[in-house]
Amino acid sequence: MKIQLNQFKIWNNKNKNKQASPNNKLTAWYKELNEKQKVMVKAGITAGIWLLAIVFFFLNKDCFYGVDGAGASSLLKKRTVVYFMFIIFYSLCVFFKNPLKEKANLLLNVMIMQCFPIVCFLLAEWAMGWTDLVQMKVYKVVFNLLIYYAMMYFVFALTISVRTSIILMSIVTAMFATCNIFLVQFRQIPLLASDFSIIRTAMNVASDFSYHITWPILFLICFVVACIALGCKIKQGKVKIYTRAAVGVIYVCFLVFMLKFMVFSDTLKDYKINVNTFRPIKSYTNNGGLLTFVRSIRLMMVEKPEGYDKEAAQEIAQDYPSDSVEEKNAKTPNVIVIMNEAFADLQSVGKFETNQEVLPFYNSLKKNTVKGFAYVSVFGGQTANSEFEFLTGDSKAFLPNGSTPYQLYVKRYLPSLTGNLKLNNYQGILAMHPYNASGYNRINVYNNFGFSKFITKEDFVNPKLVRNFISDESDYDRIIEEYEKSKSENDGPFYLFNVTMQNHSAYERDFDNLPKTIQITTPECADSAAQRYLNLVHISDAQTKRLIEYFEQQKEPTVICMFGDHEPGLSDSFYESIIGKNLNALTPEENMELYKVPFFIWANYDIQEKYIEKTSLNFLQSIMLDTAGMKKSGYNKYQLELMKDVPAMNVSGYFGADGKYYSITDKNSPYYDQVWEYDILQYNHLFDKKNRMDDFFELQ
């Protein structure tokens, strides 16, 4: 029996050797070498490290050379020293063993686990280069560190290995910082949680960009290699099973706390840690990178409406069939939509006098015109939320406060006004914004809406400026140019969606090319910034008159819809002076008055004139189509019916047909069921892509 057992052991050991991994074979081979041979192997590895380092140095001189005051290329000594110090460190790790005893190693491991998350945080912020840590508030630093510690201890809880923890944390840190460096380089927007929803698209276009190693990226690479080298020298004794269990329980409790604290509550919002969705890089600067990224997770969380399923959506939609593109009864006029930057009527918000009328043309529009006031969901900024509401018919009322759908939710084709006009054989299908293309992810969103071309600042040649922005005059000239170009190429109806730039904030200083025609004559309301703003919209009004006069002369039927995107971002003191009340003391209904903008729908053919005291941008598309006698989707027809009970809605609440204000969540409202149905349909439109009722949202 003993002989058989011994024979089995011998056979088993031979079998193990046959199946040994290459790594085990290499280790066994190295152990069989004598000391001299081991030194030779180490010397060869070290020589290889130095050879690669020197070759890399000369192939990537941009990382190590800068231009001096005389314009000559000069060696950046500090960078070079740091780089070669890393190489020396790798060399030392090859030759030297860890000399520490068990207790000393234990102390070292504890110190590493406590200090390494801090190192990762500082390194990531330095590499990205946007954060002023000295100016950052202490609690934001603490929140960032908590996230780094949570990540570090998550790895440790899984592996009970300090070595694995520091290596994986260094890789994650380097990848996070490097990813942000490249993203800002390519699109001016750092990483947000929503970007993971378009990872497939990102991989498809990744090869279209050129990547260059910069000094921060090189430093991150060296850091990762240093952590791997250091990790290989860390000694850690065997961990007992109950120790693993205890670490796991403690970490699970910590993780639950972190998720509740950071993601599944409004704690970060209460601390005024938000994501600037127009320029998220500002949030990275103010809050720190990883904290901003975690905060952006919350913006993606849109819960299903209570009772939502595809059958509930279909039941609501069944009474509103979409029109067919084959129908010949509906009109197909040219459609020009202008969302005029910060175009508002301040004298409708509060009382003050001016030396002359601010918006004389807008006020004079009556013939073949529908006009009034539309409530918006933003104040002083976040322009894209207003265009989202108009183009889609969806409302910000059902989305997380502070979110910007362009950044977070419009990741694939989405039925919209643009897509429906395209289905109806409209030509042009142009988007235009005389500023940078990168803002609010418009390049991708406009493509997902179905626009054929996006005209931006770079496409204007020697435009006229007002202050430092392209003027409405040059903007409207380009509309006419594109219209005439389209008509010279085909006879189809023309469509263009335009977002102007002239009136954009700030309004803090004078410019030689901004007239001072309008003066505030009410002394207690005098405000220089407000006065500059009034002169800007006065210019817009005059240029709008010129555009309307041009299309009055055109024989082809044309509809122009113009509206503002939000009230201007003026001081609280100015608004308080014209309202006569502290802004903090406004009731929700009074506060709504700060969220309304003028609009008009004008046609060069007969339409029924109308004044609409209250509507909202999510309904304005449907009003325009109905006014112009155009084809409508089932969604448009549903909204026109809904408006009889809920004429205006925004992120703050809505007005009922009884004239009263209600909050979105008010279950005692007589219109709660209608609002709930709208929420059901919007969720199907924007989020339930698998079950989306395209025949309801699109022309047939």
*Could you check whether the rings of F696 and Y635 sit parallel, tilted or perpendicular, using 30° and 60° as the cut-offs?*
tilted
*Any idea which heavy atoms bring F599 and V370 closest together, and the distance?*
CE1-O, 4.0 Å
*Would you check if the distance from the ring center of F343 to the ring center of F563 is below 6.0 Å?*
no
*Are the side chain of N441 and the backbone of Y406 linked by a donor-acceptor contact shorter than 3.5 Å?*
yes
_Counting only heavy atoms not in Q608 (residues, nucleotides, ligands), do more than 12 fall under 6.0 Å from its CD?_
no
*Is a donor on one side and an acceptor on the other found under 3.5 Å between the side chain of R295 and the backbone of I273?*
yes
*Using a 4.5 Å cut-off on heavy atoms from C-beta on, say whether the side chain of L640 contacts that of L625.*
no
*Show your reasoning for whether side chain to side chain donor-acceptor pair (under 3.5 Å) applies to S669 and Y654.*
CA-CA 10 Å; S669 164; Y654 61 91; 2.6 Å; yes
*E315 atom CD: more than 12 heavy-atom contacts under 6.0 Å*: no
_Expected output: side-chain N684 to main-chain N691 donor-acceptor under 3.5 Å_ = yes
*Got a sec, which residues hit side-chain contact (heavy atoms from CB on, under 4.5 Å) with S577, two or more places apart in sequence or on another chain?*
C525, F574
*asked:* So which atom in I680 and which in A313 form the shortest heavy-atom distance, rounded to 0.1 Å?
replied: CG2-CA, 3.7 Å
_Restricting to non-hydrogen atoms, name the atom on N420 and the atom on S633 that form the minimum distance, rounded to 0.1 Å._
ND2-CB, 4.0 Å
_Pair T418, Y495 - check side chain to side chain donor-acceptor pair (under 3.5 Å), show working._
CA-CA 8 Å; T418 302; Y495 167 59; 3.0 Å; yes
*asked:* Are F449 and F497, when compared by the centres of their aromatic rings, separated by less than 6.0 Å?
replied: no
*When the aromatic ring centroids of F687 and Y409 are compared, is their separation below 6.0 Å?*
yes
*Residues forming a side chain to side chain donor-acceptor pair (under 3.5 Å) with N591, sequence neighbours excluded*: none
*Kindly say whether M592 contributes a backbone atom to a donor-acceptor pair with the side chain of S652 at under 3.5 angstrom?*
no
*Hey, is NZ on K260 packed in by over 12 heavy atoms from elsewhere, all under 6.0 Å?*
no
_Is the distance from the ring center of Y678 to that of F398 below 6.0 Å?_
yes
_Could you check whether any side-chain heavy atom of C561 comes within less than 4.5 Å of a side-chain heavy atom of F600, counting everything from C-beta outward?_
no
*Determine, for K660 against E589, whether the closest basic-nitrogen to carboxylate-oxygen distance falls under 4.0 angstrom.*
no
*asked:* Show the nearest heavy-atom pair for residues K631 and V325, with the distance to one decimal.
replied: NZ-O, 2.8 Å
_Just to verify, what does Q314 make a side chain to side chain donor-acceptor pair (under 3.5 Å) with, not counting sequence neighbours?_
none
*asked:* Between Q347 and V358, is the side-chain contact (heavy atoms from CB on, under 4.5 Å) condition met? List the steps.
replied: CA-CA 9 Å; Q347 289 172 309; V358 179; 3.9 Å; yes
_Atom CD of residue position E303 - does it have more than 12 heavy atoms of other residues, nucleotides or ligands inside 6.0 Å?_
no
_Is there a side-chain contact between V378 and S386 in this structure, where contact means two heavy atoms from C-beta onward sitting under 4.5 Å apart?_
yes
*Would you say the side chains of Q700 and D323 form a donor-acceptor pair under 3.5 Å?*
no
*Just wondering, do E641 and N636 contact through their side chains at under 4.5 Å, heavy atoms?*
no
*Compute the ring centroids of F143 and Y271, then answer whether they are less than 6.0 Å apart.*
yes
*Are any side-chain N or O atoms of R532 and backbone N or O atoms of Y507, one a donor and one an acceptor, separated by less than 3.5 Å?*
yes
*asked:* Working to the nearest 0.5 angstrom, can you tell me the gap between Q621 CD and Q639 CD?
replied: 7.0 Å
*Would you check if there is a donor-acceptor pair between the side chains of Y662 and N668 at a distance under 3.5 Å?*
no
_Salt bridge or not between E590 and K581? Use side-chain N to carboxylate O under 4.0 Å._
yes
*Main-chain N/O of L365 paired to T369 side chain as donor or acceptor, under 3.5 Å*: no
_Run the side chain to side chain donor-acceptor pair (under 3.5 Å) test on Y308 and D688 for me, step by step, so that the C-alpha distance in whole Å, both residues' side-chain angles and the decisive distance to 0.1 Å come before the verdict._
CA-CA 10 Å; Y308 175 83; D688 192 1; 2.7 Å; yes
*Could you walk me through whether V445 and K411 pass side-chain contact (heavy atoms from CB on, under 4.5 Å), step by step?*
CA-CA 7 Å; V445 170; K411 301 301 181 182; over 6 Å; no
*Counting N and O atoms only, with roles assigned by atom type, does the side chain of S616 sit under 3.5 Å from a partner on the main chain of V376, one being a donor and the other an acceptor?*
no
*Look up atom CG in N144 and atom CG in N287, then write down how far apart they are to the nearest 0.5 Å.*
8.0 Å
*Quick one: CG on D472 to CG on N503, what's the gap to the nearest 0.5 Å?*
5.5 Å
*asked:* A side-chain contact here means heavy atoms from C-beta on lying under 4.5 Å apart; do V597 and D565 qualify?
replied: no
*Quick one: pull up OH in Y362 and NZ in K371 and give me the separation to the nearest 0.5 Å.*
5.5 Å
*Taking the side chain from Q531 and the backbone from A526, do they hold a donor-acceptor pair closer than 3.5 Å?*
no
_Contact summary for N584 and N582, nearest pair of heavy atoms_ = N-OD1, 2.7 Å
*Pair D626 + K637: basic N to acidic O under 4.0 Å*: no
*With a 6.0 Å cut-off on ring centres, are F379 and H566 close enough?*
no
_Between R442 and E387, is the side-chain contact (heavy atoms from CB on, under 4.5 Å) condition met? List the steps._
CA-CA 11 Å; R442 283 190 177 101; E387 59 184 279; 2.8 Å; yes
*Say whether D394 and H685, considering side chains only, have a donor N or O and an acceptor N or O under 3.5 Å apart.*
yes
*State whether the side chain of E567 and the backbone N or O of G380 hold a donor-acceptor pair below 3.5 Å, judged by distance alone.*
no
*Would S322 and E698 count as having a side-chain donor-acceptor pair, cut-off 3.5 Å?*
no
*asked:* Looking at every heavy atom in both A344 and P598, which two are closest together, and how far apart are they?
replied: CA-CD, 3.6 Å
*Centroid separation Y595 to Y375 less than 6.0 Å*: no
*Supply the atom-to-atom distance K422 NZ to L417 CG, rounded to the nearest 0.5 angstrom.*
13.0 Å
*Taking the six-membered ring of F655, is NZ or CZ of K614 closer than 6.0 Å to its centre and within 45° of its axis?*
yes
*Answer whether the closest heavy-atom distance between the side chains of V675 and M649 falls below 4.5 Å.*
yes
*Point-to-point distance, once rounded to the nearest 0.5 Å, from OG of S416 to CZ of F451*: 6.5 Å
*Is the shortest heavy-atom distance from the side chain of S395 to the side chain of E389 under 4.5 Å?*
yes
*Would a distance-only check, ignoring hydrogens and angles, find a side-chain to backbone donor-acceptor pair under 3.5 Å from E593 to V349?*
no
*Sub-4.5 Å side-chain heavy-atom contact between L681 and M693*: yes
